Undergrad: 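This structure is in structure tokens; I'll ask about it shortly.
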Amino acid sequence: MGETIFSKIIRKEIPAAVVYETDSVLAFKDINPQAPVHILIIPKKIIDKIHNFDTRSDSELLAELFQAAQQIAEEHGLSKNGYRLVINNGNDGGQEVEHLHLHLLGGRKMNWPPG
Ligand code: AMP
């Protein structure tokens, strides 16, 4: 597991439109939005894929990622109508940046199945 562009965003070495930040979690607007609201929620700790998420020692972190999603959705007026949380994981999952992240997408009706 190594650094990605998200490490630079965490260290504020490159700009991002940050909407939420705690000691362990950062969230910022996706640079190529796929919905009226498209925010990436990431752990500051480098975890590349779900497989390398330690379900015991990182369990609090998982709760913090969901807490971020709840607050961000609330702040963007998405709680009532809903939204989608997506994790693209690995090559077949369509993951481009190898730093675990949740896509929070909302503000329009989502399609199913995804492409
Ligand atoms: P994924 O395909 O799940 O790995 O998603 C990576 C996401 O990161 C894509 O939706 C990109 O648009 C987004 N992205 C890449 N670089 C940046 C950046 N510098 N700032 C914000 N979003 C980015």
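All values reported here derive from a predicted model rather than from experimental measurement. Indexing begins at 1, ligand by ligand and atom by atom, following the structure's order.
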Undergrad: Looking at CD1 of I87 and CD of Q95, how far apart are the two atoms once the value is rounded to the nearest 0.5 Å?
TA: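 So the gap between those two atoms works out to 9.5 Å.
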
Undergrad: What heavy-atom pair brings T22 and E64 nearest, and what distance separates the two atoms?
TA: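 Distance-wise, the nearest heavy atoms are OG1-OE1, 4.2 Å.
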
Undergrad: Tell me whether ligand 1 is touched by H103 - counting only heavy atoms on the residue side and a distance under 4.0 Å.
TA: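 A heavy atom of H103 does come that close to ligand 1.
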
Undergrad: Identify the closest protein heavy atom to atom 4 (O) of ligand 1: which residue and atom is it, and at what distance?
TA: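 Here the closest protein heavy atom is E96 N, 2.7 Å.
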
Undergrad: Can you tell me if G94 has a non-hydrogen atom under 4.0 Å from ligand 1?
TA: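 Contact present.
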
Undergrad: Which of the atoms in ligand 1, numbered in the order shown and given with their element, are less than 4.0 Å from a heavy-atom of N32?
TA: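 So the answer, numbered in order with elements, is 12 (O).
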
Undergrad: For atom 8 (O) of ligand 1, what's the nearest protein heavy-atom neighbour? Residue, atom name and distance, please.
TA: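 Minimum-distance protein heavy atom for atom 8 (O) of ligand 1 reads L40 CD1, 3.5 Å.
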
Undergrad: Checking D30 side chain against I39 main chain: does a donor-acceptor pair fall under 3.5 Å?
TA: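 Here the side-chain-to-backbone pair does not exist.
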
Undergrad: Ignoring hydrogens and geometry, is there a side-chain-to-backbone donor-acceptor pair from E96 to G94 under 3.5 Å?
TA: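 Looks like no, no N/O pair under 3.5 Å.
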
Undergrad: In terms of residue, atom name and distance, what is the protein heavy atom nearest to atom 18 (C) of ligand 1?
TA: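 Answer, as residue, atom name and distance: I9 CD1, 3.9 Å.
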
Undergrad: Does E13 use its side chain to pair, donor to acceptor, with the backbone of K8 at less than 3.5 Å?
TA: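 Checking the backbone N and O of K8 against the side chain of E13, no donor-acceptor pair under 3.5 Å is found.
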
Undergrad: Please report the shortest heavy-atom distance between K49 and G90, naming the atom on each side.
TA: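 Nearest pair, atom of K49 first, then G90: CE-CA, 3.6 Å.
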
Undergrad: When L78 is tested against each of E74, H76, K80, E75 for side-chain contact (heavy atoms from CB on, under 4.5 Å), which residue passes?
TA: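 When E74, H76, K80, E75 are each tested with L78, the side-chain contact (heavy atoms from CB on, under 4.5 Å) holds only for H76.
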
Undergrad: Quick check: does N88 get an N/O under 3.5 Å from an N/O on ligand 1?
TA: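 Yes - when backbone and side-chain N and O of N88 are compared with those of ligand 1, one distance drops under 3.5 Å.
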
Undergrad: Examine H101 against ligand 1 and note whether any of their N/O atoms are separated by less than 3.5 Å.
TA: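 By distance alone, the answer is yes.
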
Undergrad: Check each atom of ligand 1 against the heavy atoms of F6 and keep those under 4.0 Å away; list them by number with element.
TA: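 The list of qualifying atoms is 8 (O).
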
Undergrad: Does F28, backbone or side chain, put an N or O under 3.5 Å from an N or O of ligand 1?
TA: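 No, no N or O pair falls under 3.5 Å.
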
Undergrad: Suppose we measure from atom 22 (N) of ligand 1 to each protein heavy atom; which comes out shortest, and what is that distance?
TA: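 Looking only at protein heavy atoms, the one closest to atom 22 (N) of ligand 1 is I31 N, 3.1 Å.
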
Undergrad: Might you point out which heavy atoms bring P33 and H38 nearest each other, and give the distance in Å?
TA: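 Closest heavy-atom pair between P33 and H38: CA-ND1, 3.5 Å.
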
Undergrad: Which atoms of ligand 1 are found less than 4.0 Å from any heavy atom of K29?
TA: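 Near K29, meaning under 4.0 Å from one of its heavy atoms, ligand 1 has 21 (C).
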
Undergrad: Using a 4.5 Å cut-off on heavy atoms from C-beta on, say whether the side chain of H103 contacts that of L40.
TA: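 A side-chain contact exists here, since the closest heavy-atom pair is under 4.5 Å.
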
Undergrad: Counting only heavy atoms, tell me which of V86, I87, I42, D30 gets closest to atom 10 (O) of ligand 1.
TA: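 Result: the heavy atom closest to atom 10 (O) of ligand 1 is in D30.
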
